[in-house]
Amino acid sequence: MDKQDLRKQAHDLDVTVWVGKSGLGAVTEELQNQLKNEDLVKVKFLRAARGGSSTDELAEELADEVSADLIETRGNTAVYH
């Protein structure tokens, strides 16, 4: 499945992981668990998590930490595969 197909699938997904002031470390295990069970997972980066970083930077860092593919970022939300 290519990224375009995955983006279409992700459109109707609900956010199931929220990154807040505790940072990325607080959600890495949860995201890994969800990716084992689901094809796609949508993550929302709250304002407290972003601080001085952009959503794109945080999304890429989280993808590296959980060894997942970052499908897209839109606004403050990212989709992982």
Side-chain angles (χ1 to χ4, degrees):
M1 207 179 282
D2 66 357
K3 281 193 174 188
Q4 186 174 355
D5 291 334
L6 291 171
R7 281 188 194 119
K8 287 178 185 176
Q9 278 188 340
H11 180 72
D12 293 328
L13 281 181
D14 291 328
V15 173
T16 56
V17 176
W18 290 265
V19 180
K21 64 183 177 185
S22 298
L24 300 178
V27 299
T28 53
E29 188 175 332
E30 177 62 26
L31 181 56
Q32 286 172 330
N33 290 338
Q34 286 191 26
L35 285 167
K36 288 178 188 173
N37 298 323
E38 302 294 332
D39 199 29
L40 295 169
V41 177
K42 203 178 255 190
V43 177
K44 176 121 185 189
F45 295 89
L46 302 175
R47 185 180 307 135
R50 290 190 308 264
S53 302
S54 72
T55 300
D56 291 334
E57 293 169 341
L58 289 172
E60 297 223 5
E61 187 178 333
L62 185 56
D64 289 342
E65 286 188 26
V66 298
S67 301
D69 293 325
L70 177 61
I71 302 304
E72 75 172 330
T73 57
R74 183 171 291 174
N76 298 319
T77 306
V79 178
Y80 296 92
H81 174 67

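These figures come from a predicted structure and were not determined experimentally.
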Does Arg74 have more than 12 heavy atoms from other residues, nucleotides or ligands lying within 6.0 Å of its CZ? no
Pairwise side-chain contact, Thr73 with Phe45, heavy-atom cut-off 4.5 Å (strictly under): no
Nearest heavy atoms of Leu58 and Ala49, plus distance in Å: CD1-O, 3.6 Å
Okay, side chain of Tyr80, backbone of Gln32: is any donor-acceptor separation there less than 3.5 Å? no
For residues 35-44, pull every pair meeting side chain to side chain donor-acceptor pair (under 3.5 Å), keeping only residues two or more places apart or in separate chains. Asp39-His81
Treating Ile, Leu, Val, Met, Phe, Trp and Tyr as nodes and any side-chain heavy-atom pair under 4.5 angstrom as an edge, say whether Leu62 and Val79 lie in one connected cluster. no
Evaluate the side-chain contact (heavy atoms from CB on, under 4.5 Å) criterion for residues Leu70 and Glu60: first the C-alpha distance (whole Å), next the side-chain angles of each, then the deciding distance (0.1 Å), finally the verdict. CA-CA 7 Å; Leu70 177 61; Glu60 297 223 5; 3.8 Å; yes
Mind listing the side-chain donor-acceptor pairs of residues 18-31 below 3.5 Å, one per line with the distance, residues two or more places apart or on another chain?
from	atom 1	to	atom 2	distance (Å)
Thr28	OG1	Gly25	O	3.4
Glu30	OE2	Gln34	NE2	2.7

Could you pull out the closest heavy-atom pair between Val17 and Val15, with the gap in Å? O-CG1, 3.4 Å
Interatomic distance, Lys8 atom NZ to His11 atom NE2 [nearest 0.5 angstrom]: 12.0 Å
Where Ala10 and Leu40 come nearest, the two heavy atoms and their spacing: N-CD1, 3.8 Å
